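Structure, as structure tokens:
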Amino acid sequence: MIAPASPAQPARTDLSALKFNQVTVVAVTLLALAVRMPWLTLVLGAFMLLGALRPAWSPLRAAYRMLGPALGLRPEVVEEDPRAHHFAQGVGGTFLLASAALSLAGLWLAGTVLGMTVVALALLNLSQKICVGCLMYFQYRRLRFALLHR
């Protein structure tokens, strides 16, 4: 379950943090696949899932807050509900965990395909601002509404 938005405050999203996360996911996943270190993919996937389920505990958010200023990143906060992005992060984390599990089981090709899928989708979001995980979230919400409100 994705963490609910707080009703006391308007929903806000830091677009710089999202970009930092996507660049991190691309770089770490490519490194892990290139040098066949599935444990690195496993750790990244677990970090992503933790961030999706408990955004306040996100290791990627902590890395952004620590490294962002040194990298010249400034917060770009917009009034946007972050739940779709958390869902997308959870999907990516799940794919990376599956990639690691397949690679650790000796199924390198299947693990690489899943890892590269995450890389491709993160690059699509970075370059074209198309978040496939977010689209999945909105379709899920639409289907849920249609089924529960007949």
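Nothing here was measured: the structure is a model prediction, and the numbers come from that model.
Rounded to the nearest 0.5 angstrom, Arg61 CZ and Leu18 CG are separated by 10.0 Å. From Met136, atom CE reaches atom CG of Leu121 across 9.5 Å, with rounding to the nearest 0.5 Å. Leu124 contributes atom CG, which lies 9.5 Å from atom CD of Gln22 (distance to the nearest 0.5 angstrom). Distance check: Tyr64 OH to Ser58 OG gives 12.0 Å after rounding to the nearest 0.5 Å. How far CG of Asp81 is from CZ of Arg12: 13.0 Å, rounded to the nearest 0.5 Å. With rounding to the nearest 0.5 angstrom, the CZ atom of Arg83 is 12.5 Å from the SG atom of Cys134.
The shortest distance between side-chain heavy atoms of Leu49 and Gln89 does not fall below 4.5 Å. Using a 4.5 Å cut-off on side-chain heavy atoms (C-beta onward), Phe20 and Leu71 make contact.
Both Val91 and Val28 are part of a single hydrophobic cluster, where members link through side-chain heavy atoms under 4.5 Å apart. Side-chain heavy atoms closer than 4.5 Å link hydrophobic residues (I, L, V, M, F, W, Y) into clusters, and following such links, possibly through other members, connects Met48 to Val43. One hydrophobic cluster, built from ILVMFWY side chains closer than 4.5 Å, holds both Val25 and Val35. Cluster annotation: Leu109 and Leu30 are assigned to distinct hydrophobic clusters (Ile/Leu/Val/Met/Phe/Trp/Tyr, side-chain heavy-atom contacts under 4.5 Å, transitive). Leu50 and Leu40 are not part of a single hydrophobic cluster, where members link through side-chain heavy atoms under 4.5 Å apart.
For Glu80, the side-chain hydrogen bond (donor to acceptor under 3.5 Å, both in side chains) partners two or more places apart in sequence, or in a different chain, are His85.
The shortest non-hydrogen separation linking Gly111 to Leu33 is O-CD2, 4.2 Å. For Thr41 against Leu96, the heavy-atom pair with the smallest separation is CG2-O, 3.3 Å. Residues Val113 and Thr117 share a closest heavy-atom pair of O-OG1, 2.8 Å. Of all heavy-atom pairs between Pro38 and Leu104, the closest is CG-CD2, 3.5 Å. Gly133 approaches Phe87 most closely through the heavy-atom pair O-CD2, 3.4 Å. Nearest heavy atoms, Thr29 versus Leu44: OG1-CD2, 3.5 Å.
Under the 3.5 Å distance criterion, the side-chain polar atoms of Asp14 are matched with a main-chain donor or acceptor of Glu76. In this structure, the side chain of Ser99 does not engage the main chain of Phe95 through any donor-acceptor pair within 3.5 Å.
Counting non-hydrogen atoms of neighbouring residues, nucleotides and ligands closer than 6.0 angstrom, the CH2 atom of Trp57 reaches no more than 12 such neighbours.
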Problem set entry | Steps toward side chain to side chain contact (heavy atoms under 4.5 Å, CB included) verdict (Asn125, Ile130) | CA-CA 5 Å; Asn125 197 348; Ile130 298 172; over 6 Å; no
